[in-house]
There are 2 protein chains.
Amino acid sequence: MRADILDSAARLFATGGFRGTSLQDIASDVGCSKASLLYHFTNKDAILTELLSPAGRELAELEERLAPLDGEEAARAAVDGLVDLSLRFRRQVRILIQDVDTMTARPELPDVYALTDRLVDALAGRSDAPEARVWAWMALVGIFLASAGDLQVSEPTLRAELARGALRTLGRHTD
Amino acid sequence: MRADILDSAARLFATGGFRGTSLQDIASDVGCSKASLLYHFTNKDAILTELLSPAGRELAELEERLAPLDGEEAARAAVDGLVDLSLRFRRQVRILIQDVDTMTARPELPDVYALTDRLVDALAGRSDAPEARVWAWMALVGIFLASAGDLQVSEPTLRAELARGALRTLGRHTD
DNA sequence: GCGCGTACTGTCCGATCGGTCAGTTATTCT
DNA sequence: AGAATAACTGACCGATCGGACAGTACGCGC
């Protein structure tokens, strides 16, 4: 049942946004009562948190793997790892992108939306250039868009595009 | 008074999103009652519509100017014109980007959010490649990010970046 | 049969939302 | 001065939200 709830919630959050999806919407999709959701999860935020935790764990692992690296090696590994991670968690990225204002202003859900910040920070690398942050956001949005059903961007194309943008923006390589 | 309302609303919508900003928020910022807002505007949507209408008019003018052009000339003119327009209406772009789910699912506000579609379409040009649409969205997001106070991306840098991305993605020119 | 924990639900709650409306204040015209 | 009009507001409304809670159905060990 928990799995059913998470599945429905993931699909609805990805298409309608977190704030745009009510508990009643999820309950109707699952086919149970709203109260049943709150029996399995302490509140609405907990559903989102659990939905994003696998991506968070993998990101933490990647951060550990990148820690000892430095220079261009670190930049390339970061880009490869994060683009790969983002592509494997397209739906989660899509959810994070949905409520941009919630992410940036973050009056709530600090734990959850810190994930977005960490993604952006990791993508931007250790670069001080604000362009790197801009690129990182744009990369996430690219993935978000590629996960939309009506935009059939091939994964190799998107991956190459993102990697090129990252390396150019980070100033470590140009082609 | 109408001008005060529009000014406050623009600032709040840009930072907190349209759905994330209540009429009470605007009224408090202006220093009047919520009912006073609805005396000057028929409803909340009308405030947003009026806020975005100048950008909509300019976009329509640009579309007319581009209509007779063709080929690479048209692509270059479109990119120049739209990047320029988007940079001059940073706050409006930021408002449009805020509620991504509202824009894409658009269960409401069809007139307003059609503006985003037109921006994207115009930026993507006549290209059939889905990559063009992805780039167009990313360009808008780049502008959105550059309008954030904490990201001081210089306008020439951003403009060059956007133009380069556009021409490359549209497949009409590479550097 | 009985006790008991798990799964689940109908119902209610306070808060907040966009919006309405009767009524008040201020200003302008005659 | 007084009527008319514009500007504005407090109080209220229905809808919807996330969430609380008492109660119910059910299966399993004893």
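In this text, all values refer to a predicted model and were calculated from it rather than measured experimentally. So you know, we letter chains A, B, ... as the sequences are listed, proteins then strands, and number each from 1.
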Spatial distance of atom CG (A/Leu37) from atom CG (A/Asn43) [nearest 0.5 Å]: 11.5 Å
Results of side chain to side chain donor-acceptor pair (under 3.5 Å) for A/Ser36 - residues two or more places apart only: none
All side chain to side chain donor-acceptor pair (under 3.5 Å) counterparts of B/Ser33, not counting sequence neighbours: none
All salt bridge (Lys or Arg N to Asp or Glu O under 4.0 Å) counterparts of B/Glu61, not counting sequence neighbours: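 Result, salt bridge (Lys or Arg N to Asp or Glu O under 4.0 Å) vs B/Glu61: none returned.
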Residues in salt bridge (Lys or Arg N to Asp or Glu O under 4.0 Å) contact with A/Asp7, at least two apart in sequence or another chain: A/Arg11
Range on DNA chain D touched by chain A, heavy atoms, distance below 4.0 Å: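 Nucleotide range in contact with chain A: D/dC17 to D/dC21.
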When the distance from [atom1] of [X] to [atom2] of [N] is rounded to whole Å, what number comes out?
| X | N | atom1 | atom2 | answer |
| --- | --- | --- | --- | --- |
| A/Leu37 | C/dA7 | CG | P | 15 Å |
| A/Gln24 | C/dT9 | CD | P | 11 Å |
| B/Ile47 | C/dG18 | CD1 | P | 10 Å |

Least distance between heavy atoms, A/Leu38 atom then A/Thr42 atom: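 That would be CD2-O, 4.0 Å.
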Path from A/Phe41 to A/Met1 over hydrophobic side-chain contacts below 4.5 Å: yes
Short side-chain donor-acceptor distance under 3.5 Å, A/Asp25 and A/Ser22: yes
Annotated protein contacts, base or backbone, on nucleotides 19-24 of chain C with a non-hydrogen cut-off under 4.0 Å, one of B, S, - each: BBB---
Sugar-phosphate, base or nothing in reach of B/Ser22, heavy atoms under 4.0 Å: sugar-phosphate
